[in-house]
There are 2 protein chains.
Amino acid sequence: MPVGFNTDDLMRLDELVATRKKVKQGGLLFSEGDAFTSLYAIRTGFFKTCVTSEDGREQVTGFQMAGEIIGLDGIVSDFHSCNAIALEDAEVCVMPFVNVEELSREFPVLQRHVHKIMSREIVRENGIMMLLGNMRAEERLAAFLLNLVQRLHARGFSQSELILRMTREEIGSYLGLKLETVSRTFSKFSEEGIIEVKQRYVHIIDPEALKKIFNPQVCY
Amino acid sequence: MPVGFNTDDLMRLDELVATRKKVKQGGLLFSEGDAFTSLYAIRTGFFKTCVTSEDGREQVTGFQMAGEIIGLDGIVSDFHSCNAIALEDAEVCVMPFVNVEELSREFPVLQRHVHKIMSREIVRENGIMMLLGNMRAEERLAAFLLNLVQRLHARGFSQSELILRMTREEIGSYLGLKLETVSRTFSKFSEEGIIEVKQRYVHIIDPEALKKIFNPQVCY
DNA sequence: AAATTTCTTTGACATACATCAAATATTCTT
DNA sequence: AAGAATATTTGATGTATGTCAAAGAAATTT
């Protein structure tokens with residue numbers, strides 16, 4: 001990014017991202033109803049975001065890892081409408097939204113960046129709607145695993161091995177399935193030799209098979 | 001909005017919204033893969049947006065009416081990732097996104113407005129995820145009807161009567177249900193005296209009952 | 001290290017919704 | 001206006017996933 005910025009610009013951009021906050025595993029970064037002030041860039045750790053209905057049902061709306069931004073839900077009403085919970089000890093950069101907006105007005109590159117982040121989230125959720133509305137359990141879990149390793153790989157981790165940071169229940173909530181169904185589907189993939197699972201450890205043996213499940217070919 | 005703007009400002013804002021485009025019923029405003037250039041503000045008419053999987057399954061991701069903005073999905077990749085189809089003859093304002101960004105930099109009120117629109121869409125989709133992941137058919141349809149009349153009422157229409165612009169199949173796609181289930185659920189509500197349905201015409205007789213279905217009370 | 005709690009797996013059974021099918025109603029086409 | 005195409009309703013039946021239950025594994029607490 002530091003192209004076309006002078007020293008003063010860089011200092012101000014640096015400042016945006018200067019305040020840090022640590023969140024312990026299981027801790028809340030923000031919750032439903034909290035006043036919205038800032039966006040958060042995850043430096044380390046892993047989060048889930050979830051919404052709850054009046055009668056207590058929980059829907060996980062996303063899992064976020066280092067480099068990703070959370071808090072966008074708060075902009076519209078100045079209050080957060082979901083909970084952000086750390087699934088492991090985490091550290092975030094606190095970016096006061098007024099500063100984000102001020103700097104966005106000055107730096108078109110940053111402005112565009114912010115817009116892309118929000119658009120990306122909209123598109124991601126479109127994909128989840130397709131998953132929840134049209135796909136079967138195996139397709140959902142295959143899509144989930146492929147998405148996770150892809151994001152981890154982009155961060156320099158293995159593209160075939162991963163440690164899940166979330167429980168079967170949280171995966172199920174995200175995918176619109178019960179934890180038993182998630183567990184059974186893991187076992188099925190394992191029996192078929194597609195993956196190796198041992199609790200939170202997953203080894204993707206046959207990524208092509210997963211892709212085929214996620215995106216079944218129309219065969220004539 | 002016209003507070004703190006001089007004549008020149010107003011002219012430029014007016015220009016943003018000067019280009020119009022008509023879309024016939026059934027016509028595409030944009031489709032998956034189209035280059036992204038503009039956001040569209042609906043002036044008249046009614047749209048659906050939908051995504052399709054490789055094997056041809058369609059997921060309706062939203063229904064949009066006058067005053068709402070479509071096209072946000074295109075920002076992230078400079079290509080649209082969904083289709084926008086007019087469900088009745090429609091007219092939109094074409095707002096080139098470079099102009100939106102330029103004016104946003106100059107007018108913080110507009111900037112904030114754009115951010116809120118994007119955040120609102122994210123929050124809406126969170127709600128749909130809850131619907132698709134956790135709710136039963138009756139809850140989904142109740143939520144759908146309440147949301148529709150609420151938005152129509154905000155536009156000066158009745159809060160108890162509406163004409164559906166979409167088919168049972170499109171409602172089903174949006175709600176993750178088959179068209180038969182949508183039809184049966186309409187019939188059930190009708191038998192229970194909650195609504196009166198005659199094809200596309202719906203009269204909400206007992207909105208409280210709908211709210212109760214959507215948001216069941218925990219009774220002790 | 002033992003005890004407790006939380007998480008995961010697996011089996012047996014239940015159910016909400018899907019699928020298939022056919023009859024009507026409505027809208028569009030000629 | 002007649003005929004064709006599309007949309008809706010309703011019934012009979014099937015199935016993917018949910019629910020309930022219990023045992024085993026892992027993590028946490030004392």
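As the structure is a prediction and not an experimental result, all values here were calculated from the model. In the text below, chain A, chain B and the rest are named by the order of the sequence lines, each starting its count at 1.
Picking from dC17(C), dT10(C), dT9(C) the nucleotide with the shortest atom distance to the side chain of Ser187(A) gives dT10(C).
Atom CD1 in Ile163(B) sits about 13 Å away from atom P in dT26(C), given to the nearest Å. Here dC17(C) presents its P atom at 18 Å from CZ of Arg136(A), a figure rounded to the nearest Å. Counting to the nearest Å, the P atom of dC7(C) and the CZ atom of Arg165(A) are 15 Å from each other. Rounding to whole angstrom units, CZ of residue Arg140(A) and P of dT17(D) are separated by 7 Å. Atom CD of Gln199(B) and atom C1' of dT8(D) are 6 Å apart (whole Å). Between Arg168(B) atom CZ and dA7(D) atom P the separation is 12 Å, expressed in whole Å. One can place CG of Leu164(A) at 15 Å from C1' of dA26(D), the figure rounded to the nearest angstrom. We find that CD of Glu138(B) is positioned 14 Å from C1' of dT15(C), with the value rounded to whole Å.
Counting non-hydrogen atoms under 4.0 angstrom, Arg184(B) reaches a base of the nucleic acid. Among the heavy atoms of the strands lying under 4.0 Å from Leu179(A) is at least one base atom, whether or not backbone atoms are also near. Backbone-only contact: Thr167(A) has heavy atoms under 4.0 Å from sugar-phosphate atoms and none from a base. Across all strands shown, Gly172(B) has no heavy atoms under 4.0 Å from either base or sugar-phosphate atoms. Arg200(A) comes within 4.0 angstrom of sugar-phosphate atoms only, judged by non-hydrogen atoms across all strands, and of no base.
Ring geometry for Phe36(A) versus His80(A): interplanar angle over 60°, hence perpendicular rather than tilted (30 to 60°).
Using a 4.0 Å cut-off between a side-chain N of Lys or Arg and a carboxylate O of Asp or Glu, Arg120(B) and Glu68(B) do not qualify as a salt bridge. A salt bridge does not link Lys188(A) with Glu191(A): none of the charged nitrogens is closer than 4.0 Å to a carboxylate oxygen. Comment: Glu180(B) does not engage Arg184(B) in a salt bridge, judged by the lack of any side-chain N to carboxylate O separation of less than 4.0 angstrom.
Side-chain contact of Glu161(A) with Tyr201(A): a donor-acceptor pair under 3.5 Å is present, judged by distance alone.
Mapping Gln25(B) and Gly176(B) onto DNA chain C by nearest heavy atom places Gly176(B) at the nucleotide closer to the 5' end. Residues Glu180(A) and Lys198(B) each lie close to DNA chain D; by heavy-atom proximity, the contact nearer the 5' end of the strand is made by Lys198(B).
Phosphate proximity of dT10(C) to Ser183(A): absent, as no side-chain N or O sits under 4.0 Å from OP1 or OP2. Side-chain nitrogen and oxygen atoms of Thr181(B) include at least one within less than 4.0 Å of the OP1 or OP2 phosphate oxygen of dA18(C).
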